[in-house]
Each structure stands twice: as C-alpha cells, then as structure tokens.
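Taking it in order: structure first as structure tokens, then the write-up.
All values below come from the heavy atoms of this structure, side chains included, with hydrogens, waters and symmetry mates left out. Given the structure is predicted, the values throughout are model-derived calculations rather than measurements.
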Amino acid sequence: MTSAAERLGLVPATQRPENQRKPLVDGRTTHPIFNDQPLKLGLFASNCSYGMTISHAETTYEATWEHTLKIAQKADRLGFEALVPVARWRGFGSTSNFNGTCFETYTWATGLAALTENIGIFATSHLPTVHPIVAAKMAATADHVSRGRFGLNLVMGWFTPEMEMFGAEQREHDDRYGYGQQWLDFVLKLWTEEGSFDFVTEDFNSLDVESYPKPYQAPRPALINAGNSKSGIEFSARNVDVNFAALDTVETMNDYTSQLKAKAREDYQREIQTMTYGLIVCRDTEDEAKRDFQHIVDMGDRDCANNVMKVLGMQSESFTSQIETYQERFIAGWGGYPIVGTPEQVAEEMQRLHETGGMDGMIMGMLDYHEEMDYFGDNVMPLLKQAGLRH
C-alpha cells in the first residue's frame with residue numbers, strides 16, 4: 001500500500017536536527033517519580049468535581065482552573081512527586097453527578113506544567129478515546145513545557161457510557177489490554193522512530209507517520225497504570241514505571257507488590273514501582289478524624305456511588321473484591337485505602353503501607369485539598385521525615 005505522499009510524488013523531508021530527532025535528557029534525572037524518596041507522595045483527582053468523595057460533605061474545593069492551580073502549586077511547594085488526574089467525559093449521575101465537571105487532562109497537565117517547578121504532572125488517557133498520533137504529540141508538547149516532568153496514566157477505557165459517547169463498542173476486558181498494547185507500541189514508536197514509518201496492526205492502519213519533536217525525556221515520558229486484574233498486571237509488568245493498586249488490606253498489598261515486581265523482573269527484565277491511593281482524613285484527635293470521615297459517608301450520594309459500583313462490578317476486574325463489602329470506600333475515597341486519624345496515626349499507617357505493604361508511595365485525596373494540605377504539610381510531613389520515609 002502506497003502513501004498519499006508517494007502517490008502525489010511529494011519531495012520527502014530531509015533529516016531533522018538531532019535535537020528534534022531524539023529526546024534531550026534522561027528522564028530519571030528530571031521526573032520526580034524516579035527520585036530517591038523512600039515513600040513518594042502525590043495528589044489524585046484534583047481536576048474534577050468532588051475529587052475523591054462521592055459526598056455532599058461541606059468543602060471549599062471546586063473544580064475551577066484557579067482552584068486546581070492553587071492546589072497544584074501547594075503540592076509542588078510541599079515536595080510531592082505527582083499530580084494524577086481523573087479522565088472523565090461524563091459524570092456518574094444522581095444529585096452529585098460525581099466527577100461530571102472535569103478538566104481534560106492533557107491540556108490541564110500542560111497548563112500546570114508551565115506554572116509549577118518540580119512536581120511530576122500526569123495526564124490520564126483513556127486509550128480508545130485518543131488516537132496515538134494525537135496522544136504522542138500532546139504528550140511530547142507537555143513534556144517539553146515541563147522540561148521532563150510529564151507522564152501518562154494509561155487507562156484502557158472501562159466506563160461503557162463514555163465509550164458509547166465516542167461511538168465505540170466496549171471491548172471485552174482482556175481485549176482492551178490487547179488494544180492498549182497496540183496503542184502504546186504505536187506511541188512509543190512515534191516517540192523514538194527517526195523518519196517516517198507505517199504502523200499497520202489489527203486496530204491501526206497508519207501510513208507514512210512521523211512525529212516531531214520527540215519527548216524531552218529519554219527514553220520516554222514516565223508511564224503509570226492502575227490495572228490490577230491478571231491482564232492489567234501483565235500490562236504493567238511489561239510496560240510501565242508505576243502500578244497503582246486498589247487493595248483492601250496492607251497484607252494483600254504485600255502479596256500483590258511482591259508478585260508484580262517479580263513478574264516485571266523475571267519476565268521482562270525491568271523494575272517497577274507500586275503505589276496505592278486513598279482518602280486522607282487527618283485531624284488533631286482520633287475522634288475528630290473519625291467524626292469527619294463518618295460525615296463524608298453520611299452525606300454520601302449513595303445512588304451515585306451505586307452507579308459507580310454497578311459499572312465497576314459489571315465491567316472492571318480491578319475492583320471485584322471491593323464492590324459489595326466496601327461501599328463506603330467509594331463514597332469516601334473512590335475505592336481506595338482510607339487513612340483516618342491523628343498526624344501520628346496517619347504517619348504510622350503510611351509507614352506500614354511502605355514497610356509491610358511494600359508500597360513505594362501513595363497518591364491521596366482530601367475532602368478539602370487546598371485547606372487540608374497545609375495541615376498535612378505542617379503536621380504529617382515532619383513525622384514522615386522522622387520515620388525515614390522522606391528527606
């Protein structure tokens with residue numbers, strides 16, 4: 001099959017300058033997700049309405065550019081490693097329409113990259129909704145704006161009503177990872193191939209493809225994935241730098257982490273980090289923390305939480321162990337691992353996640369990100385440093 005350029009007899013481009021043909025710096029020296037902090041920290045879901053709480057509990061948090069920028073800059077000043085957004089094209093209905101107001105993550109990340117200094121900034125990409133050529137170009141742009149602090153959170157596309165918005169049929173679970181591997185292979189080639197190439201697979205038929213400039217980071221921008229099913233573990237072990245685990249106990253985390261890291265090392269001769277996520281409710285006393293956590297649950301939009309759980313139960317294998325038993329974890333933390341207590345208790349639990357659970361880090365949500373981060377920075381960060389988890 002000949003390309004349009006060949007049929008039209010177009011004069012091909014001469015070789016691009018080296019600073020366009022190759023990434024510029026080793027990403028392990030620029031992206032903080034690769035730094036030597038024993039326990040890495042990040043924020044999750046600070047780009048969309050209600051953040052991580054499917055609840056009408058009172059908060060000053062709002063999904064506006066001005067507010068999310070303030071949150072990002074505060075996390076940057078505190079020394080956090082990552083901002084990980086949620087990619088949503090529609091909300092989950094009911095009175096909250098949870099996450100229904102949501103900034104598109106590539107452009108959100110690029111804007112934050114220009115207005116922060118050190119923190120790693122990720123875009124979350126539902127792979128069936130963004131063509132690899134577009135994704136590779138947007139990611140390379142964001143990577144240059146951030147000077148090597150950008151990364152991609154790869155999601156296979158699990159929310160069927162969203163897939164229908166794009167006129168796409170929802171694939172079976174394992175088939176999504178087959179498509180995801182082709183998608184990523186295409187993007188990786190766009191980021192590294194000098195000159196033009198054809199990419200023809202079961203799902204793609206692209207001729208005479210090129211993409212300049214290459215990313216700022218070599219060999220590629222940082223990659224993360226939250227697949228916890230058998231197919232998700234295989235995908236993560238093969239491809240990404242960090243896997244996010246949605247697990248119910250610290251002991252389960254330890255088994256999961258050990259198996260995933262062994263698979264990456266033995267099957268693909270590579271290293272991988274594991275991190276978890278959850279809601280942090282930290283107060284002066286344990287009673288206050290438990291009271292505020294319970295208030296989030298009591299004010300929960302249960303119909304919306306049930307909508308989320310129905311979709312996950314029917315169409316995602318990453319959360320099956322939690323669907324019925326942990327409804328409050330969806331209301332108060334998007335199904336993650338909640339940490340509730342005093343600064344000392346929060347620091348101790350984070351230490352347990354690291355030392356017993358084998359976790360390399362945690363991305364967290366808060367009911368009121370902007371206000372509660374000051375408290376976390378003043379009261380929990382010093383304890384994490386005392387425990388040797390931060391320096």
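- With Tyr375 contributing its side chain and Asp284 its backbone, the two residues share a donor-acceptor pair below 3.5 Å.
- A cation-pi arrangement is present between Arg171 and Tyr179, with the terminal nitrogen or guanidinium carbon under 6.0 Å from the aromatic centre and inside a 45° cone about the axis.
- Between Ala123 and Pro85, the shortest heavy-atom distance links the atoms CA-CG, 4.2 Å.
- In this model, a donor atom of one side chain and an acceptor atom of the other lie less than 3.5 Å apart for Thr249 and Thr252.
- Placement of Val209 and Phe204 within a single hydrophobic cluster is found when ILVMFWY residues are connected by side-chain heavy-atom separations under 4.5 Å, directly or transitively.
- Ion pairing between Asp360 and Lys261 holds under the 4.0 Å rule for side-chain N and carboxylate O.
- Side chains of Trp183 and Asp203: no donor on one and acceptor on the other come within 3.5 Å.
- Linking Ile, Leu, Val, Met, Phe, Trp and Tyr residues whenever their side-chain heavy atoms come within less than 4.5 Å places Leu41 and Ile224 in a single cluster.
- For Ser49 and Asn99, the side-chain atoms include no donor-acceptor pair closer than 3.5 Å.
- Looking at Asp241 and His31, their side chains never bring a donor and an acceptor atom within 3.5 Å of each other.
- Residues Val281 and Ile71 do not share a hydrophobic cluster, clusters being chains of Ile/Leu/Val/Met/Phe/Trp/Tyr side chains in contact below 4.5 Å.
- Ala63 and Cys48 get closest at one heavy-atom pair: CB-C, 3.7 Å.
- For the residue pair Pro213 and Ala140, the shortest heavy atom distance occurs at O-CB, 3.7 Å.
- Asp368 contributes a side-chain N or O that, together with a main-chain N or O of Thr60, makes up a donor-acceptor pair within less than 3.5 Å.
- Using a 4.5 Å cut-off between side-chain heavy atoms of Ile, Leu, Val, Met, Phe, Trp and Tyr, with links allowed through other members, Tyr106 and Trp89 fall into different hydrophobic clusters.
- One finds no salt bridge joining Glu234 and Lys230 here, because no Lys/Arg side-chain nitrogen approaches an Asp/Glu carboxylate oxygen to under 4.0 Å.
- Gln73 is linked by a side-chain contact (heavy atoms from CB on, under 4.5 Å) to Leu69, Arg77, Leu115, Thr116, counting only residues two or more places apart in sequence or in another chain.
- Considering CE of Met253 and OG1 of Thr257, their distance stands at 8.0 Å, rounded to 0.5 Å.
- The backbone N or O of Ile233 sits nowhere less than 3.5 Å from a side-chain atom of Ser236 that would complete a donor-acceptor pair.
- Side-chain atoms of Asn228 come within 3.5 Å of backbone N or O of Ala246 as a donor-acceptor pair.
- Here the side chains of Ser55 and Tyr50 are not in contact, with every heavy-atom distance at 4.5 Å or above.
- Counting heavy atoms of neighbouring residues, nucleotides and ligands inside a 6.0 Å radius, atom CD of Glu202 does not exceed 12 of them.
- Here the closest heavy-atom approach between residue Ser3 and residue Asp208 is recorded as CB-CB, 3.6 Å.
- For the residue pair His56 and Thr95, a side-chain donor N or O sits within less than 3.5 Å of a side-chain acceptor on the partner.
- Ring geometry for Tyr369 versus Tyr61: interplanar angle of 30 to 60°, hence tilted.
- For His126 (side chain) and Arg88 (main-chain N/O), no donor-acceptor pair under 3.5 Å exists by modelled atom type.
- In this structure, the side chain of Asp76 engages the main chain of Glu117 through a donor-acceptor pair within 3.5 Å.
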Q: Go through the steps to decide whether Glu348 and Ile339 satisfy the test side-chain contact (heavy atoms from CB on, under 4.5 Å), and finish with yes or no.
A: CA-CA 10 Å; Glu348 288 169 6; Ile339 299 181; over 6 Å; no
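- No side-chain donor-acceptor contact under 3.5 Å links Asp255 and Gln259.
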Q.
Let's go through Lys70 and Glu66 carefully: what are the C-alpha distance in whole Å and the side-chain angles of both, what is the deciding distance for salt bridge (Lys or Arg N to Asp or Glu O under 4.0 Å) to 0.1 Å, and is it a yes or a no?
A. CA-CA 6 Å; Lys70 288 179 181 178; Glu66 293 78 11; over 6 Å; no
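- There is a side-chain donor-acceptor pair under 3.5 Å between Gln181 and Asn239.
- Scanning all heavy atoms of the two residues, the minimum distance from Phe122 to Leu152 falls at CD2-N, 3.6 Å.
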Q: Could you walk me through whether Phe80 and Asn118 pass the side-chain contact (heavy atoms from CB on, under 4.5 Å) test, one step at a time?
A: CA-CA 9 Å; Phe80 281 25; Asn118 300 302; over 6 Å; no
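- Although no hydrogens or angles enter the test, the distance criterion places a donor-acceptor pair under 3.5 Å between the side chain of Lys74 and the main chain of His370.
- No more than 12 heavy atoms of other residues, nucleotides or ligands lie within 6.0 Å of CZ in Arg147, so this atom counts as exposed by the packing criterion.
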Q.
For Thr276 and Phe244: C-alpha separation, side-chain torsions, deciding distance, then whether side-chain contact (heavy atoms from CB on, under 4.5 Å) applies.
A. CA-CA 5 Å; Thr276 192; Phe244 284 98; over 6 Å; no
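- Panel note: side chain Asn243, backbone Ala226; no donor-acceptor pair is recorded below 3.5 Å.
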Q: List the steps and the verdict of side-chain contact (heavy atoms from CB on, under 4.5 Å) for Asp292 and Arg283.
A: CA-CA 9 Å; Asp292 287 357; Arg283 304 292 186 265; 2.6 Å; yes
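- The shortest distance between side-chain heavy atoms of Leu184 and Leu223 falls below 4.5 Å.
- If you run side chain to side chain contact (heavy atoms under 4.5 Å, CB included) between Ile280 and each of Met362, Met52, Glu349, Met373, only Met362 comes through.
- Of all heavy-atom pairs spanning Ala142 and Thr110, the tightest one is CB-OG1, 3.3 Å.
- Between the side chains of Thr201 and Gln182, a donor-acceptor pair is found at a separation under 3.5 Å.
- Panel note: side chain Thr64, backbone His67; a donor-acceptor pair is recorded below 3.5 Å.
- The backbone N or O of Phe103 lies less than 3.5 Å from a partner atom in the side chain of Asn47, making a donor-acceptor pair.
- Partner Ile54 forms a side chain to side chain contact (heavy atoms under 4.5 Å, CB included) with one of Asn306, Ile296, Val308 and no other, that one being Val308.
- Put simply, Met366 and Val340 are part of two different groups of oily side chains (I, L, V, M, F, W, Y) that touch within less than 4.5 Å, one to the next.
- Using a 3.5 Å distance cut-off with no hydrogens or angles, the side chains of Glu81 and Gln37 do not pair a donor with an acceptor.
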